[in-house]
Amino acid sequence: PLTSEEQVEEVHCNFTIADNVHSVYYNGVDISASVSGPFKSWSLTKTLSFRRVEGAYLVITGSSKEINKCFDGVCLAGAESPHGMDYCLITGFGITCDDSVNGLSAWESYGSPDMVDKNHKAGNGLGWSDDMCNSSTGAYLVDDQETPMVWAGSGQKYASFRLLSGPVVPNKNLTYSHILVYAASTLGEQSTPASFEISDAAAAIAGLRLDDEDMDRGEISGELRWVPMSASAQIIAYNAYLANDADGADRTSLGVALGTNLINVPEDTLTYNYTYVVVYAVSVEAEMREPVSALAIDDEFDLPCDAIPDAGCGLTPPAPAGTCSPANGCTDCDLNSARRATVDAATVGTTAIIAHKDDKGTHDLMSKMFQCGMTDFAVTYMNATGGTAPVAVETVTQTCRFVCQPGSDVCTSCLPQPVELPPEDSTSADGDGTSVWRYLACKHRNIQNAQDSEISYSYVFGQGSYLGNGAEVAESLNCDGLALAAAAVSPFDLSGVVGDFPGGVCSLSALES
């Protein structure tokens, strides 16, 4: 069929009558033959469709079943009697339509003791009323049991129901299926035309996708793929473009697919802030006027997590897995035994320092040690990451995978990528920039699961004993105290001796026994 520019409104209804449907009219035309479903079984839903015409009536006519059993003037339900019968008790009409006029308040009814005449079946004549009774029948509309069942308010055996169509609300385009050619003479047009069935082949594809393999911002690459659908036999090629919208505005060529359903987008292809990839089908005649498919471009790239502040990523350190508890010997601080051994080994020596290279307290301590003429110390620098890491720290950079609109900081997603950790059997202890400092706080400061301000990035040891962080040691000890803390006089441990020595001199004597 050929789709025209003319728009129409298609209406679809489900209905039933207990017990018999006689006819269905729309706009004065009997459309009973187009109704699906048996007319003499209320439990099977009847369906109908029509094209709305403003001012036209939809009219449905039916009746109760015939029961003629009366005894001494008392009749069974549905039977005729001299006193008349209220058919609201035993029959009913229910309907629901997809045009939002599903209630029965807008309907009118016409009741008759005899078969309804053709004039009323078409919605004409007098005697129509909006007075309807609620049916007491046990029948219902199977497809929607909440739909009320009603009957003509007069309670007559036969009834017609009509609904006036309001303004057309288009929901589809009008379609044509044939081209007709009528011969004409000076006397008039021929009554029988020659006909030709329209076959409007429309090209279509499905599953358009681009797996972007270029992780640089503003660039795309990879396979642009799709699945050919209808009219593929008439298509000789597909043209792909970058465009500013799904309709192909301001497009520029991205590639051509001849005899295939993919285009290899080269590496480092710039998006130029275009927001869509559109694909056009090409027949032997020409390229189609409209794209057969469009794909919004997601510029996918890797950058440091804080590169686009509004994306909401931030620099997120890996969440600690262990409880890092002194009660467990600090073996649950996300460091395996080999890495813990590496940290412990760095605490051994006359004077040993474990710190981040930008920790100010450590720099102050080292400066003071040089002033005191102390050069016999070892410093082990380790990485650090997190919000409380030293200022101007060169931390372990956490990378995030951004998916943003081309040329914009508007991002649809931002996922932190796993930090590159050393292999599990490695002895490196500072791969994630966090676990080593939690371990030191646990083992030497007795802090469980250290977080944020509890974490120190400087540890000073004398003869293997923890003395404090760099700032604390630099501030609390003078040159003699530093020397004494680092002294080794076998078999004595002098690391705990502190004091204010007169003249800055301290002597140690030992007597042989």
Taken in chain and number order and not counting sequence neighbours, the residues that satisfy ring-ring contact (aromatic ring centres under 6.0 Å, His included) with Phe161 are Phe93, Trp151

Those residues at least two apart in sequence (or on a different chain) that pass side-chain contact (heavy atoms from CB on, under 4.5 Å) with Met288 are Ala281, Ser283

ring-ring contact (aromatic ring centres under 6.0 Å, His included) pairs touching residues 278-310, sequence neighbours excluded, are Tyr241-Tyr280, Phe301-Phe402

query: What class does the angle between the rings of His120 and Tyr110 fall in, given that below 30° is parallel, 30 to 60° is tilted and above 60° is perpendicular?
result: parallel

Residue set satisfying side-chain hydrogen bond (donor to acceptor under 3.5 Å, both in side chains) with Glu219, at least two apart, ordered chain then number -> none

Taken in chain and number order and not counting sequence neighbours, the residues that satisfy ring-ring contact (aromatic ring centres under 6.0 Å, His included) with Tyr26 are Phe50

> Can you check whether Leu224 reaches Leu262 side chain to side chain, under 4.5 Å on heavy atoms?
Replying inline: no

Value for NZ (Lys121) from OG (Ser23), rounded to nearest 0.5 Å, stands at 4.5 Å

Close side-chain approach of Ile297 to Leu242, heavy-atom, < 4.5 Å
yes

Distance col, row Leu208:CG vs Asn261:CG, nearest 0.5 angstrom, shows 11.0 Å

message: Heavy-atom count check: over 12 atoms from other residues, nucleotides or ligands less than 6.0 Å from Leu126 CG?
response: no

Sorted by chain and residue number, the side-chain hydrogen bond (donor to acceptor under 3.5 Å, both in side chains) partners of Ser43 (sequence neighbours excluded) come out as Ser41

Test Asp131 against Ser129 for side chain to side chain donor-acceptor pair (under 3.5 Å), laying out the working first. CA-CA 5 Å; Asp131 179 26; Ser129 172; 5.0 Å; no

For Ala384 and Trp437, the nearest pair of non-hydrogen atoms, with its separation, is CB-NE1, 3.6 Å

*asked:* Set out, in order, the CA-CA distance, both residues' side-chain angles and the distance that settles salt bridge (Lys or Arg N to Asp or Glu O under 4.0 Å) for Asp334 and Arg438, then state yes or no.
replied: CA-CA 9 Å; Asp334 303 327; Arg438 297 175 68 237; 3.3 Å; yes

> Do the side chain of Asp452 and the main chain of Ile455 share a donor and acceptor less than 3.5 angstrom apart?
Replying inline: no

Residue pairs passing the disulfide bond (SG atoms under 2.5 Å apart) test with at least one member in residues 109-156, sequence neighbours excluded, are Cys88-Cys133

Val279 and Ile205, any side-chain heavy atoms less than 4.5 Å apart: yes

Here the side-chain hydrogen bond (donor to acceptor under 3.5 Å, both in side chains) pairs for residues 183-192, sequence neighbours left out, are none

Using a distance-only test with no angle check, is there a side-chain donor-acceptor pair under 3.5 angstrom linking His12 and Ser49? yes

Quick note, side-chain hydrogen bond (donor to acceptor under 3.5 Å, both in side chains) partners involving residues 269-279, not counting sequence neighbours, are none

OG of Ser165 to CZ of Arg52, rounded to nearest 0.5 Å, is 5.0 Å

Value for OG1 (Thr137) from CG (Leu89), rounded to nearest 0.5 Å, stands at 9.5 Å

Between Ser325 and Cys442, the two heavy atoms sitting closest are C-SG, 3.5 Å

Taken in chain and number order and not counting sequence neighbours, the residues that satisfy side-chain contact (heavy atoms from CB on, under 4.5 Å) with Asn119 are Asp117, Asn124

Contacts of Thr47 meeting side-chain hydrogen bond (donor to acceptor under 3.5 Å, both in side chains) (sequence neighbours excluded), chain-then-number -> Ser36

Sequence neighbours excluded, the answer for side-chain hydrogen bond (donor to acceptor under 3.5 Å, both in side chains) partners of Glu108 is Arg162

Rounded to the nearest 0.5 Å, the OG1 atom of Thr16 sits from the CD1 atom of Ile60 at a distance of 10.0 Å

Measure from the side-chain N and O atoms of Trp128 to the backbone N and O of Ser160, and report whether any donor-acceptor pair falls under 3.5 Å.
no

Practice problem: Could you tell me whether Asn134 atom CG has more than 12 heavy atoms of other residues or ligands within 6.0 Å of it? | Solution: no

Please determine, by modelled atom types, if Asp332 and Thr323 share a side-chain donor-acceptor pair under 3.5 angstrom. yes

Inset, instruction - Compare the SG-SG distance of Cys324 and Cys333 against 2.5 Å and report whether it is shorter. - result: yes

* Should Glu287 and Arg251 be marked as a salt bridge (Lys or Arg N to Asp or Glu O under 4.0 Å) after you check the CA-CA gap, both sets of side-chain angles, and the distance that decides it? -> CA-CA 14 Å; Glu287 180 182 271; Arg251 62 184 183 269; 3.3 Å; yes

Scanning both residues in full, the closest heavy-atom pair of Ile17 with Trp42 reads O-CB, 3.4 Å

So, does Thr260 use its side chain to make a donor-acceptor pair with the main chain of Ala257 at under 3.5 Å? no

All heavy atoms of Cys97 vs all of Val11, minimum pair found to be CB-CG1, 4.2 Å

*Presence of salt bridge, Arg51 and Glu9, under 4.0 angstrom*: no

Are Asn14 and Lys46 close enough that some pair of their side-chain heavy atoms sits under 4.5 Å apart? no

Less than 4.5 Å apart, side chain to side chain, heavy atoms only: is that true for Asp30 and Val24?
no

Separation between OG (Ser221) and CG (Asp212), nearest 0.5 Å, reads 5.5 Å

Keeping Asp299 on the side-chain end and Gly218 on the backbone end, is there a donor-acceptor pair under 3.5 Å?
yes

- Less than 4.5 Å apart, any side-chain heavy atom of Leu58 and any of Phe15? no

*Quick one: does Asp268's side chain get under 4.5 Å of Pro266's, heavy atoms only?*
no

task: Decide yes or no for Ser135 and Val150: does some side-chain heavy atom of the first lie under 4.5 Å from some side-chain heavy atom of the second?
output: no

